[in-house]
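Report on one structure; see the data block that follows.
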Amino acid sequence: MFKYMQKTALAAAMVMAAGAAWAEFPDKPITIIVGFDAGGGTDVMARTAAPFIEKYLGAGASLVVKNVPGASGQIGVTEVANSVADGYTIGTYNLPGMMARTLDREAGYTADSFSYLANVVNDPNVIVTSKASGLDTMEKLIAAAKAEPGAITVGMSSLGGDDHFLLTKLGKVTETEYTIVPFKGSAPARTALMGGHVAMGILNISEVADFQDQINVLGVATAKRSEFAPDVPTFEEQGIALESGSMRGFVAPAGLPPEVEAKFIEAFDKLASDKDFAAAMAATSNPVELKVGADFKALNAETLDLAKTVWETSPWN
Amino acid sequence: MSQNTPNRFLRPETLTAIGLIVVAAGFLIPTAALRPLSALLPAAMLIALIVLGAMLLISDQREAAKGEPAAAMTKAPKRVLAAFALIALYALGVDFIGFYPATAISVPLVAFAFGYRHPLGLALSTLIVLSAIWLIFSFAMYQEFPTGRLWSL
Amino acid sequence: MYLDLLHALPHVLSLTNFLAVTIGVVAGIVVGALPGLSATMAISVLVPFTFGLEPLVALGLMAGIYNGAMYGGAIPAVLLRIPGTPAAVATTFDGYPMAQKGEGGFALQVAVVSSSIGGIASAFALMLLAPPLSKLTLLFGPAEVFWIAVFAMCSIIFMLGGNVVKGLISACFGVFVSVVGSDPIFGNDRYTFGYLELLDGINIVILLVGLYALPPVLDLLESPLKTDTANENLGTEPIWRTLPRMMRFWKTWLRGSLIGIWIGILPGAGGSMAAFMSYNEARRASKTPESWGHGEPEGVAAAEVANNADTASALIPALTLGIPGTSVAAVMLGGLLIHGLQPGPMLFRENPDIVFGFMWQFLFGAILLLFLGGSLATNSFAKLLKLPRPLLGSVIIVLMVIGVYSIHGRMFDVYLMLGFGAVGYVMDKLKFPLPPVVLGLILGAFAEENLRLSLRIGRGDWGILFANHTSQVLVALTIAVVFGPSLKRRYWDNRKSGAQG
């Protein structure tokens, strides 16, 4: 209630102060809250995208990145949810992580706490196996998993993330069982895989594209093959219906003034056709897949539903 | 801790041992709610701390029984407490009134309170510290410090 | 590959890039030397700032800071018994007693020479052996890493101090602090009491500043204003005169370099573990182990050579596999990513000038350290520490707050540090040894995570821990280290009594 009054008062004050204030948005620097340390994947995405967003917001807009790291981005995203919805604070947002956290712990926000601006990156999951395992096709992998349920160890970056959800889907679709080995982050999982300490891994395409000589990449969980590794077939091609990925985008606190929201969405829409933007993102290993406004909101709802089913059938903590 | 009334339960080591046992036992309560593998290491450590605390308690009480005086914790407990309170106050100051104002007050205040009373030296050192920090962190590195929660209410 | 290495040299020698390394080394020494500020903090503050810089300038700054800070940490460790960085904890063991004996100047010279040698050895390892060493990293899965942690943990035995009960309490306290945060496997909260700030665990710098810097500050303020300090006479001689006296440390330097490089290429543990292990091994090999801890210069050499020898080598797994060997390397990895330099085999092919240039910068940083460190430490910092005590205390307090606040940019950590400070003061006064706390914090959760990962890989079968040769060798080593000394003593005693009888 207090927050609402505060917001209204603030909005009113601004209208009074600047007359047609919204028309001139932005008239001061916009803060992007990044829930990770400088140099993390999400941070690099935000910093790379910022100049392009500035360009399309026009009117001399300037974006300032503020790192609020901790708890896999939760501290930052909670700060976004609780900040004033005037468009001068936006934040980075990760799926499915941010929604999964509303299930496995008491999060300080819900799906309704945000205005969904745009999802920018979709880093699709891949299933990889170690060279030592000899499982170099999906068929062999599934056969081995069926032969002895749980015999295949699967390295991944954490429980309750995109990797975990993909494995759950795979298990359901192919009626197989696996032993999950959740490392702290994808690089340790990939290293254990390269050393043959685990047989199989679920990672993201940008994390394995450079390592195709050292591990078998069996398939990618997208509708179309990824530019990052055009030789890797999709799961669809192999007769398994699997799509999943790690997504990064931008949100603002819920209740953004409609004019401001429209301005952001317009800017993000223009990003989609910007060749320089695509090149800059590719250079930092960020596969772009823009979903703006309502599409992003729908994507979020879909992800939340999936997370809920996984959480209900096999809670991870 | 006066030497004349050697209360054997007020010896610093005894108090520490009792505190340790109580705190470790307290932490066992949330440990019970964890899953077995998750609780394994913390529970082992807490139980070890309780056992070790008990051993410390016994050995210190034996020394007390022998009439050996406890080693004094500090020569000037009041000064230590005051120093700690000032540091805590400074941290609160940074949080609530902002980093630079709190530092501008704290540097000369702490130095003055603990015996350095040279006015020119105080002013000069405060100035040097503040400007060096501003130059390195705020000016060169764009590092943000707390601006004070009090002002943004 | 070696051709690429030579090809990258001219890029590094350009004025701006070389200047970046120089500035980095000086800044690193200063940051390391100021109690409260750490290399992790300095580089994490620097990373977002470097977004707008040329990659080699940014990386040169970071390489310089890393090298400089690993030595700079020794300065307050020797003069004030406050380790300037986590890796300098082992330096206090003998460095501070040396300073009390009036040999502080010599201690610092030993430290700078040893640091430089460690840094150079490490840089060569990175430049010449990165690909084969990264293959070595692959041999170490969770089970093997668990044994490394156990091996290192055994060195706690040697630093328990006079009172075993108190030493064990310190160690258990450290391990318990390490489990705070999210569970390594399930991700559920342990002892966070709803504070998200605790979810990632307690950063070593927060604990270190609280335990090591706050009690001495309280001591500085406790005793009434005095002008005479024990550190007044550093006993500095020109370095060319002291250098010959250091030559007898060559074995320690060699051993410490190898330990540092080895610990560096293993993911996770880092500088302080290397320094502890090197110190222990050097003491074990020494003919006069009883003088250790009472101002043995070789102890300073052992600790300092190892904590610099893991700097460049920690980047081997970071550059090739994306897994940093130390927490500082983890922050530096961010500095690479921000310039679009993705770790992996392609990094060396696509950006050879930058990657190999970065390696050269490590080498230059280590060499520069010798020249910049020597004069800077003995002249400027020693003077700084002669400030009136209350003033010095109040300045250190400010630095502590900045250092802890800047790691994650939050006040929560500052309050946490004050809490540890209160605990640390009581521990210090009641003569609980502090090094086991640090080692426990570093190794506790690290060992647990790897044990539980192994158990999952083995599907609950504890046999997985002994399943391959690497593990078996490590187990044998651990047993030899723990029981070796007492067996050896018994053997000698038997022979002596045999000879007499």
Side-chain angles (χ1 to χ4, degrees), chain B residues 12-13 16 20 24 27 30-31 34-35 37-42 44-46 48-49 52-53 55-56 59 71 73-76 79-80 82-84 86-88 90-91 94-95 99 103 106-116 118 121-122 125 129 133 137 140-146, chain C residues 45-46 48-49 163 165-166 168-169 172-173 175-176 178-179 183 185-186 188 190-191 193 214 217-225 387-391 393-395 397-398 400-402 405-406 409 411 414-415 417-418 421-422 425-427 429-432 440 444-445 447-448 451-452 455:
Chain B
E13 266 188 27
T16 308
L20 181 69
F27 271 108
T31 311
L34 297 173
R35 280 196 261 180
L37 261 184
S38 190
L40 186 63
L41 181 67
M45 286 303 121
L46 290 172
L49 280 174
L52 290 165
M55 283 163 73
L56 187 66
S59 79
M73 277 269 288
T74 152
K75 285 165 274 175
R79 286 180 75 97
V80 171
F84 192 79
L86 271 178
I87 297 173
Y90 170 56
V94 170
D95 200 352
F99 174 76
T103 307
S106 157
V107 171
L109 184 71
V110 173
F112 185 84
F114 288 91
Y116 183 72
H118 198 291
L122 281 176
S125 49
V129 168
I133 293 171
F137 289 96
M141 313 289 287
Y142 304 112
Q143 176 76 2
E144 277 182 40
F145 288 122
Chain C
V45 167
L46 190 70
F49 174 71
N163 188 326
V165 172
K166 284 182 180 173
L168 285 175
I169 289 177
C172 291
F173 171 63
V175 174
F176 183 73
S178 80
V179 305
D183 178 275
I185 301 294
F186 303 121
N188 56 296
R190 292 197 292 193
Y191 315 104
F193 305 103
L214 201 67
V217 167
L218 291 178
D219 280 344
L220 282 179
L221 298 176
E222 178 190 351
S223 35
L225 182 57
L387 281 175
R389 285 159 158 253
L391 203 55
S394 67
V395 173
I397 295 167
V398 175
M400 283 161 57
V401 169
I402 295 181
Y405 176 82
S406 299
M411 282 307 291
V414 175
Y415 295 125
M417 179 270 286
L418 287 182
Y425 185 76
V426 173
M427 289 180 73
K429 288 298 141 189
L430 293 179
K431 304 217 160 39
F432 285 87
E448 186 203 15
L451 173 63
R452 287 176 56 196
L455 287 178

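Within every chain, numbering begins at 1; the chains are lettered A, B, ... in the order of the sequence lines, protein sequences first and strands thereafter. All figures in this text were calculated on a predicted structure; none of them were measured in a lab.
Comparing L455(C), L451(C), I402(C) by how many heavy-atom pairs each has under 4.5 Å with chain B, the most go to I402(C). Ranked by heavy-atom pairs under 4.5 Å with chain C, the first of S106(B), A91(B), G53(B), P30(B) is A91(B). Note: L49(B) leads L20(B), L49(B), V110(B) in heavy-atom pairs under 4.5 Å with chain C. The candidate with the highest count of non-hydrogen atom pairs below 4.5 Å against chain B, out of M400(C), K429(C), M411(C), is M411(C). For chain C, the option among I87(B), L109(B), T103(B) with the highest count of heavy-atom pairs below 4.5 Å is I87(B).
Only the side chain of Y90(B) comes within less than 4.5 Å of a heavy atom of chain C; its backbone N, CA, C and O stay farther away. V398(C) touches chain B through backbone and side chain together, each having a heavy atom under 4.5 Å away. Within the 4.5 angstrom heavy-atom criterion, atoms from both the backbone and the side chain of F27(B) approach chain C. Residue contact with chain B, scored on non-hydrogen atoms closer than 4.5 Å, involves the backbone and the side chain of L46(C) alike. Neither the backbone nor the side chain of A447(C) comes within less than 4.5 Å of any heavy atom in chain B. Only the side chain of Q143(B) comes within less than 4.5 Å of a heavy atom in chain C; its backbone stays farther off. Proximity to chain B (any heavy atom under 4.5 Å) is restricted, for V179(C), to the side chain, taken from C-beta onward. Contact of S38(B) with chain C is made through backbone and side chain together, with heavy-atom distances under 4.5 Å. Heavy atoms of V80(B) lying under 4.5 Å from chain C belong to its backbone as well as its side chain. Heavy-atom distances place both the backbone and the side chain of F176(C) under 4.5 Å from chain B. Heavy atoms closer than 4.5 Å to chain C are found in the side chain of L34(B), but not in its backbone. Looking at F112(B), there are no atoms closer than 4.5 Å to chain C (heavy atoms on both sides), in backbone or side chain. Both the backbone and the side chain of V45(C) come within contact range of chain B, each with at least one heavy atom under 4.5 Å from a heavy atom of that chain.
Put simply, the side chain of T31(B) reaches to within 4.5 Å of the side chain of Y191(C), judged on heavy atoms. Contact check for L122(B) versus H118(B): no side-chain heavy atoms found under the 4.5 Å cut-off. A heavy-atom distance below 4.5 Å is found between the side chains of F114(B) and L86(B). Side-chain contact between T16(B) and V426(C): present, with at least one pair of heavy atoms (C-beta onward) separated by less than 4.5 Å. Taking 4.5 Å as the limit, some side-chain heavy atom of L430(C) sits within range of a side-chain heavy atom of P12(B). K166(C) places a side-chain heavy atom less than 4.5 Å from the side chain of L56(B).
Shown here for L214(C) and G421(C), the closest heavy-atom pair between the two residues is CD2-CA, 3.3 Å.
Partners of S178(C) by side-chain hydrogen bond (donor to acceptor under 3.5 Å, both in side chains), not counting sequence neighbours: none found.
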Checklist entry - Does the side chain to side chain contact (heavy atoms under 4.5 Å, CB included) test come out yes or no for S59(B) and V165(C), once each step is laid out? => result CA-CA 10 Å; S59(B) 79; V165(C) 172; over 6 Å; no
Item to check | Stepwise side chain to side chain contact (heavy atoms under 4.5 Å, CB included) check, Y405(C) with V94(B) | outcome: CA-CA 10 Å; Y405(C) 176 82; V94(B) 170; 5.9 Å; no
Next on the checklist: Is there a side chain to side chain contact (heavy atoms under 4.5 Å, CB included) between R452(C) and D183(C)? Walk through the geometry before answering.
Outcome noted: CA-CA 10 Å; R452(C) 287 176 56 196; D183(C) 178 275; 2.8 Å; yes
